[in-house]
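Report on one structure; see the data block that follows.
This chain uses plain numbering: 1 for the first residue, then up along the sequence.
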Amino acid sequence: MEKPERKETFLVPGYQQRTLKEMFHHLIWRVIKPLPDKPYLKLKYWVIKGQWPNIDQPRTFCEKVQARKLYDRKPVYATLVDKAAVKPFVAEKLGPAYVTPTYWVGTDLSTVDWTAVPLPAVVKPTHASAQGRFLYAQDDIQRLLAENPAPAWLQLDHAQYNREWAYSGVKPQVLIEAMLVVDGGVPWDYRFFTFNGVVSHIEINLRIDGEGYACHYTPDWEKLPFHDPDYLTFYPGDVPKPARFDEMMRVAQTIGRGFDFLRIDLYASDDWIKLGELTLYPGGGFERFDPPQYDRLIGDKWTLDFDLPNAA
């Protein structure tokens, strides 16, 4: 029997808590905002990770993310990072069953025909992460319209904030889509890290008893010991392998094929698999690895398919 629906927050609990450290960082980002891309990224990297990146001869995963931001300019990237435009891209590769239904895309929430939006639903910007609302009932819609976060969302610019070039080609819009529900709540987020279609590992973001956790598994479903101490708490227990894991692997391999690196985020139940989003620049390339050697171990799996300015 389906469990009763739980009302949950858009972000995983524990994500982006406003610590003094984070507030200090945001002050620094405002100060260095006028810098050109390369010195901006190097300084931001040093503040967060405590070391200078070698962007022109990158070795670690995070260094290679920075190099991609500066030197990889494939036009298709704007489609991949656009949460609305990526759906036809994925449907063409896999079929529409893997895509979450879209109810509306636009810029002015006052123009939405809410009678055509089944609840529960999700509203979020097409061009930014960590922003959105869950709509469970009519009072959630009324609160959304009264507070109207759309203008602020439309001003978000990852192309400036993290110098993530792909977002410079995305038209800022707001997306309303179906909410996915598993066991009465928001499904866990399975993030497949792929290199030319080969799955390296899977990051799992979990919600358990009102707390948020993260951990990583190999494709053979062996738990890995690393995590990002600036992100969610490391989950100490064992995560059961999803019932449709083999199919999830095939989905990730199909989408990731032809890209030197691509993170494919999937949601799944016993009955379906849906795309969450595609990510070119996980964590902006500023993630901290504990133990730190995993930054290099994962970076070694990434053979760049774009030119570096000082390559021999």
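Annotation: K171, atom NZ; neighbour count of heavy atoms from other residues, nucleotides and ligands within 6.0 Å does not exceed 12. In W46, the CH2 atom is not crowded: 12 or fewer heavy atoms of neighbouring residues, nucleotides or ligands sit closer than 6.0 Å. Other residues, nucleotides and ligands contribute only 12 or fewer heavy atoms inside 6.0 Å of the NZ atom of K42.
With sequence neighbours excluded, the residues forming a salt bridge (Lys or Arg N to Asp or Glu O under 4.0 Å) with E147 are R133, listed by chain and number. With sequence neighbours excluded, the residues that form a side-chain contact (heavy atoms from CB on, under 4.5 Å) with E277 are K83, D265, T279. Residues satisfying the side-chain hydrogen bond (donor to acceptor under 3.5 Å, both in side chains) criterion with D220, sequence neighbours excluded, are absent altogether. Considering only residues two or more places apart in sequence or on other chains, Y45 meets the ring-ring contact (aromatic ring centres under 6.0 Å, His included) condition with none of them. Residues satisfying the salt bridge (Lys or Arg N to Asp or Glu O under 4.0 Å) criterion with K87, sequence neighbours excluded, are E177. Not a single salt bridge (Lys or Arg N to Asp or Glu O under 4.0 Å) links D228 to another residue, sequence neighbours left out. Qualifying salt bridge (Lys or Arg N to Asp or Glu O under 4.0 Å) partners for R296, counting only residues two or more places apart in sequence or in other chains: D300. Not a single side-chain hydrogen bond (donor to acceptor under 3.5 Å, both in side chains) links R73 to another residue, sequence neighbours left out.
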Ignoring hydrogens and angles, write down the donor-acceptor pairs under 3.5 Å from the side chains of residues 284-292, residues two or more places apart or on other chains.
residue	atom	partner	partner atom	Å
R288	NE	D230	OD1	3.4
R288	NE	D230	OD2	2.7
R288	NH2	D230	OD1	2.9

Could you list the donor-acceptor pairs under 3.5 angstrom formed between side-chain atoms of residues 239-247 and any protein atom two or more places apart in sequence or on another chain?
residue	atom	partner	partner atom	Å
R244	NE	E247	OE1	3.0
R244	NH1	D270	O	3.2
R244	NH1	D271	O	3.3
R244	NH2	E247	OE1	2.9
E247	OE2	Y98	OH	2.5

Margin query: Quick one, L109 with V123, criterion side chain to side chain contact (heavy atoms under 4.5 Å, CB included). Give me CA distance, side-chain angles, the key distance, then yes/no.
Written below: CA-CA 10 Å; L109 290 173; V123 55; 4.3 Å; yes
Next item on the list: Quick one: do H26 and Y161 satisfy side chain to side chain contact (heavy atoms under 4.5 Å, CB included)? Show the steps, please.
Entry: CA-CA 10 Å; H26 283 285; Y161 179 70; 3.0 Å; yes
Note to self: side chain to side chain contact (heavy atoms under 4.5 Å, CB included) for T194 and Q253? Distances and angles first, verdict last.
What the structure shows: CA-CA 7 Å; T194 68; Q253 291 162 352; over 6 Å; no
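Using cut-offs of 30° and 60° on the angle between ring planes, the pair W221 and Y217 is parallel.
In this structure, L232 CG and D189 CG are separated by 10.0 Å, a value rounded to the nearest 0.5 Å. In this structure, OH in Y190 is found 14.0 Å from CE in M249, a value given to the nearest 0.5 Å.
E63 places a side-chain N or O within 3.5 Å of a backbone atom of T60 that can act as its donor or acceptor partner. Judged by distance alone, with hydrogens and angles left aside, the side-chain atoms of D140 form a donor-acceptor pair with the main-chain N or O of A137 at under 3.5 Å. With hydrogens and angles disregarded, no donor-acceptor distance shorter than 3.5 Å links the side chain of K274 to the backbone of P101. A donor-acceptor pair is defined here as one N or O able to donate and one able to accept, closer than 3.5 Å; such a pair exists between the side chain of R68 and the backbone of L280.
Hydrophobic cluster of F234: no remaining members, since no ILVMFWY side chain lies below 4.5 Å from it.
Residues R163 and L35 come closest through the heavy atom pair NH1-O, 2.9 Å. When every heavy atom of T100 is checked against every heavy atom of A178, the shortest pair comes out as CG2-O, 3.3 Å. Across F306 and A67, no two heavy atoms sit closer than the pair CE1-O, 3.7 Å. In terms of heavy atoms, V105 sits closest to A84 at CG2-CB, 4.2 Å.
A donor-acceptor pair shorter than 3.5 Å cannot be found between the side chains of Y167 and N162.
The closest side-chain heavy-atom distance from F226 to I298 is below 4.5 Å.
Under a cutoff of 6.0 Å and an axis angle of 45°, K124 and W153 do not form a cation-pi pair.
Taking 4.0 Å as the cut-off between side-chain N and carboxylate O, D183 and R207 do not count as a salt-bridged pair.
For the ring pair (Phe, Tyr, Trp, His ring centres under 6.0 Å) condition, the pairs that include at least one residue of residues 57-92, sequence neighbours left out, are F61-F261, F61-W302.
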